[in-house]
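All remarks here apply to the structure that follows.
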Amino acid sequence: MKHSEHAELTPRQQRFVVEYCVDLNATAAYARAGYRARGNSAEVSACRLLRNAKVQEAIEQKQNEVAKRCELTTENIVREASAVAFSDIRRLFNPDGSPKPIHEIDDATAAPSHRSKSARWSLTAR
């Protein structure tokens, strides 16, 4: 996130947005952003930050940037989940029931969807 994109956010709020997007843990993000609080006041203050409209907008924008970079769309996620759910597990085993060595598994079985292995790796390499 560029500094000028959310100039209305304080530096700590900007850091909170980045940290929150790491693990979606508001209390931990609050502490990592440099805020100080004792007891459950960190939870209360983190919740207050999450209710801030400008912080919400920045979080949504950051999550959209990450999703776009990773090509994560609902359609892609459903397609991949369906490919795994409907794959034939028998193709991973020899006729005697022993697991096939990884080098013997064909590309269609190894890659759950119809995309090539190189396309799948490009999603994680970005």
Side-chain angles (χ1 to χ4, degrees):
M1 171 174 23
K2 296 177 185 172
H3 182 69
S4 61
E5 287 178 347
H6 295 287
E8 59 273 352
L9 295 180
T10 68
R12 278 192 189 159
Q13 288 172 327
Q14 291 175 10
R15 186 68 188 162
F16 174 80
V17 168
V18 171
E19 294 294 340
Y20 179 76
C21 289
V22 169
D23 58 7
L24 304 180
N25 183 327
T27 305
Y30 185 82
R32 291 190 308 255
Y35 290 102
R36 293 195 179 137
R38 295 177 186 223
N40 72 341
S41 64
E43 293 174 23
V44 172
S45 298
C47 284
R48 188 176 306 123
L49 264 177
L50 284 177
R51 287 193 307 267
N52 179 310
K54 293 183 190 290
V55 171
Q56 284 179 359
E57 181 183 324
I59 289 170
E60 185 176 325
Q61 181 178 355
K62 182 73 171 168
Q63 289 175 331
N64 288 338
E65 289 170 9
V66 170
K68 187 174 182 179
R69 228 180 13 254
C70 295
E71 297 180 20
L72 291 177
T73 64
T74 303
E75 181 182 329
N76 289 345
I77 292 168
V78 170
R79 183 177 46 249
E80 292 294 325
S82 295
V84 171
F86 298 112
S87 62
D88 187 353
I89 196 167
R90 295 173 296 181
R91 296 179 76 178
L92 298 173
F93 296 91
N94 293 312
D96 67 357
S98 64
K100 285 185 178 178
I102 195 78
H103 66 276
E104 289 182 14
I105 298 173
D106 61 275
D107 289 342
T109 303
S113 71
H114 299 291
R115 291 184 291 136
S116 68
K117 188 188 292 187
S118 61
R120 292 186 61 206
W121 285 112
S122 69
L123 290 177
T124 57
R126 292 182 185 184

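We're numbering straight along the sequence, starting at 1.
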Donor-acceptor check, side chain of Asp106 to backbone of Thr109, threshold 3.5 angstrom: yes or no? yes

Short side-chain to backbone donor-acceptor contact, Ser98 and Asn94, under 3.5 Å: no

With hydrophobic residues grouped by side-chain heavy-atom distances under 4.5 Å, do Val22 and Val66 end up in a single group? no

Minimal non-hydrogen separation, Ala26 against Ala46, with atom names: O-CB, 3.4 Å

Residues passing the salt bridge (charged side-chain N to carboxylate O under 4.0 Å, His left out) test with Arg36, sequence neighbours excluded, are none

Given side chains that start at C-beta, do those of Tyr20 and Leu50 come closer than 4.5 Å, heavy atoms only? yes

Treat each ILVMFWY residue as a node, draw an edge where side-chain heavy atoms are under 4.5 Å apart, and state whether Leu24 and Val17 are in one component. yes

When rounded to the nearest 0.5 angstrom, what distance separates CD in Gln14 from CD in Glu8? 8.5 Å

Would you compute the distance between atom CD of Glu57 and atom CD1 of Ile59 and round it to the nearest 0.5 angstrom? 11.0 Å

Atom SG in Cys70, atom CD1 in Ile77: separation rounded to 0.5 Å? 10.0 Å

Value for CG (Leu49) from CD (Gln13), rounded to nearest 0.5 Å, stands at 6.0 Å

Would Val78 end up clustered with Phe86 when hydrophobic side chains under 4.5 Å apart are linked, directly or stepwise? no

Interatomic spacing from OG in Ser45 to OH in Tyr35 - rounded to 0.5 Å: 9.0 Å

Nearest 0.5 angstrom please: Asp88 CG to Phe93 CZ, how far? 10.5 Å

I'd like to check the salt bridge (charged side-chain N to carboxylate O under 4.0 Å, His left out) partners of Glu75; sequence neighbours left out, ordered by chain and number. Arg79

Between Arg15 and Ala33 the two heavy atoms that sit nearest each other are CG-CA, 3.7 Å

Could you pull out all residues at least two apart from Arg32 that satisfy salt bridge (charged side-chain N to carboxylate O under 4.0 Å, His left out)? Glu19, Asp23

Got more than 12 heavy atoms from elsewhere within 6.0 Å of CD, Gln56? yes

